[in-house]
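In what follows, every chain begins at residue 1, and chains take the letters A, B, ... in the order their sequences are listed. Nothing here was measured: the structure is a model prediction, and the numbers come from that model.
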Number of protein chains: 2
Amino acid sequence: MRPYNQYCPVAHALDLVGERWSLLLVRELQHGPLRYSDLHDRLVGCSTNVLASRLRDLETAGVITRRRLPPPAASNVYELTESGRALGPVIAALARWGLRTLGPPQGDAAPSPGWLEKALRTTVAPFAPSARIGFSIDGEEATLDAGAVVEGLLDEPDAVVRGTPADLYALLVDGDTGAAEIDGDRAVIEALIGALATTQPVA
Amino acid sequence: MRPYNQYCPVAHALDLVGERWSLLLVRELQHGPLRYSDLHDRLVGCSTNVLASRLRDLETAGVITRRRLPPPAASNVYELTESGRALGPVIAALARWGLRTLGPPQGDAAPSPGWLEKALRTTVAPFAPSARIGFSIDGEEATLDAGAVVEGLLDEPDAVVRGTPADLYALLVDGDTGAAEIDGDRAVIEALIGALATTQPVA
DNA sequence: CCGCATCCCCAAAGATACTG
DNA sequence: CAGTATCTTTGGGGATGCGG
């Protein structure tokens, strides 16, 4: 991309990660290293040449690293550098803003495995209260435990939320406590909703 | 821009403000409404057709509004909507990440009027301790007062920082307390540096 | 002047085929 | 699997024009 040529941290950041697909690529790598074809599968619509170009640019920018796995798994994986992981607050801020107008998930949406864990990690975890909240949504299970997200339902949660993706959206975005089934301490759920509703984040 | 077609808040946010110049345009409007030609002057390199296109798209997206000033100042101004103002955390997160690799300002840089106030507001204010810190940098004066930024030097500050833009950069980004001249309570300056450093590990 | 719309040109994105 | 090569299409940059 042609640089903006402005001495401004925002412009400089966009010089590095402002191109099309760049931040979505970083988003995919936030949950662990991936191979080229994994990335190509997840970034539907991103053609191979564009993906290769972005990987090169982001490596030059110091955001990602290419690493060759040791035999017998002789393949390359891409992973975030420390600088790339530092983009977490940027992704989270974008996610929270995007939620304002995203709208609830449509019924025919078939999310990919691990979607719940990733969704909680990027948009909810940075603002979560120090409680243990389990989620069982449409077959996926994850637990928000004092700001961290783990797979499955941990023992002795303060509360557990069950329902569909649309129920989860209604609960966390609209604050509609009637949609999902809530077991346990409803106060921690209210606290979570309140934390998400306040619009002064960035952790 | 062609949409990403992903049910993801990040992708949706980028569908709305991910195009070239969009976020820089929002950045310019963060400190008050501006006219078309004002924006064109500040976004050097953004051609007129692209600027007009972005303004239309952002208005459609509900991020900005066009308003006709009453006579005799019969001209249009553009200003952020509530949704546009909600992009503040996104801009701030990008700014903080961009600072990691931006580097100190070059000597021949002639910043625009009000740069200090804007810089403090976007990158420093969200993380400032509850103190009154004055800044007198290269003729510009501003005060950070319990998270708010005002023009000029307020009375009875806890501390005052004086120096060049490069000194300010060295102080706030590198944590180099030797560059700028610091009057008053150095502890609040240390607290500010600490608050900036905790969420922004400099490479 | 201010606020764009038009036109032209080139760079970048999308799609597909192909190769080590 | 991990890209490169090639082609087409879209979008941005720059200049100009033009009505209010």
>> What I'd like to find out is whether the side chain of Tyr4(A) reaches to under 4.5 Å of the side chain of Leu43(B), using heavy atoms alone.
In response: no
>> Within the 4.5 Å heavy-atom criterion, are Leu25(A) and Leu51(A) side-chain neighbours or not?
In response: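 A side-chain contact under 4.5 Å exists here.
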Using the side-chain heavy atoms of [X], tell me which of these nucleotides is nearest: [options].
X        : options                  : value
Arg56(A) : dC2(C), dT16(D), dT4(D)  : dT4(D)
Arg20(A) : dG12(D), dG14(C), dC4(C) : dG14(C)
Arg54(B) : dA15(D), dT4(D), dG12(D) : dG12(D)
Glu19(B) : dA5(C), dG12(D), dC4(C)  : dG12(D)
Val50(B) : dG13(D), dA2(D), dC4(C)  : dG13(D)
Trp21(B) : dA5(C), dC4(C), dG13(D)  : dG13(D)

>> Between dG14(D) and Asn49(B), counting only base atoms on the nucleotide and side-chain atoms on the residue, is there a donor-acceptor pair under 3.5 Å?
In response: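 Side chain to base: pair present.
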> At their closest point, which heavy atom of Ala13(A) faces which heavy atom of Gly98(B), and how far apart are they?
Replying inline: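 Closest approach of Ala13(A) to Gly98(B), heavy atoms only: CB-CA, 3.9 Å.
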Does OP1 or OP2 of [N] have a side-chain N or O of [X] closer than 4.0 Å?
X        : N       : value
Thr48(B) : dC4(C)  : no
Arg2(A)  : dG14(D) : yes
Tyr78(B) : dC4(C)  : yes
Ser47(A) : dA13(C) : no

> Step by step, would you call Arg100(A) with Glu82(B) a salt bridge (Lys or Arg N to Asp or Glu O under 4.0 Å)?
Replying inline: CA-CA 11 Å; Arg100(A) 298 166 56 100; Glu82(B) 195 280 331; 2.4 Å; yes
> Contact class for Arg66(B) (heavy atom, under 4.0 Å): base, sugar-phosphate, or nothing?
Replying inline: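 If one applies the 4.0 Å heavy-atom cut-off, Arg66(B) turns out to touch the sugar-phosphate alone, with no base involved.
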What is the distance, rounded to the nearest whole Å, between atom [atom1] of [X] and atom [atom2] of [N]?
X        : N       : atom1 : atom2 : value
Leu69(A) : dA2(D)  : CG    : C1'   : 13 Å
Asp38(A) : dG3(D)  : CG    : P     : 12 Å
His40(A) : dG3(D)  : NE2   : P     : 12 Å
Glu59(B) : dC4(C)  : CD    : P     : 9 Å
Leu39(B) : dC1(C)  : CG    : C1'   : 17 Å
Asn5(A)  : dG13(D) : CG    : C1'   : 13 Å
Leu25(A) : dA2(D)  : CG    : P     : 14 Å
Leu51(A) : dG14(C) : CG    : P     : 11 Å

> Between Asp57(B) and Thr60(B), do the side chains contain an N or O donor and an N or O acceptor separated by less than 3.5 Å?
Replying inline: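 No donor-acceptor contact under 3.5 Å links the two side chains.
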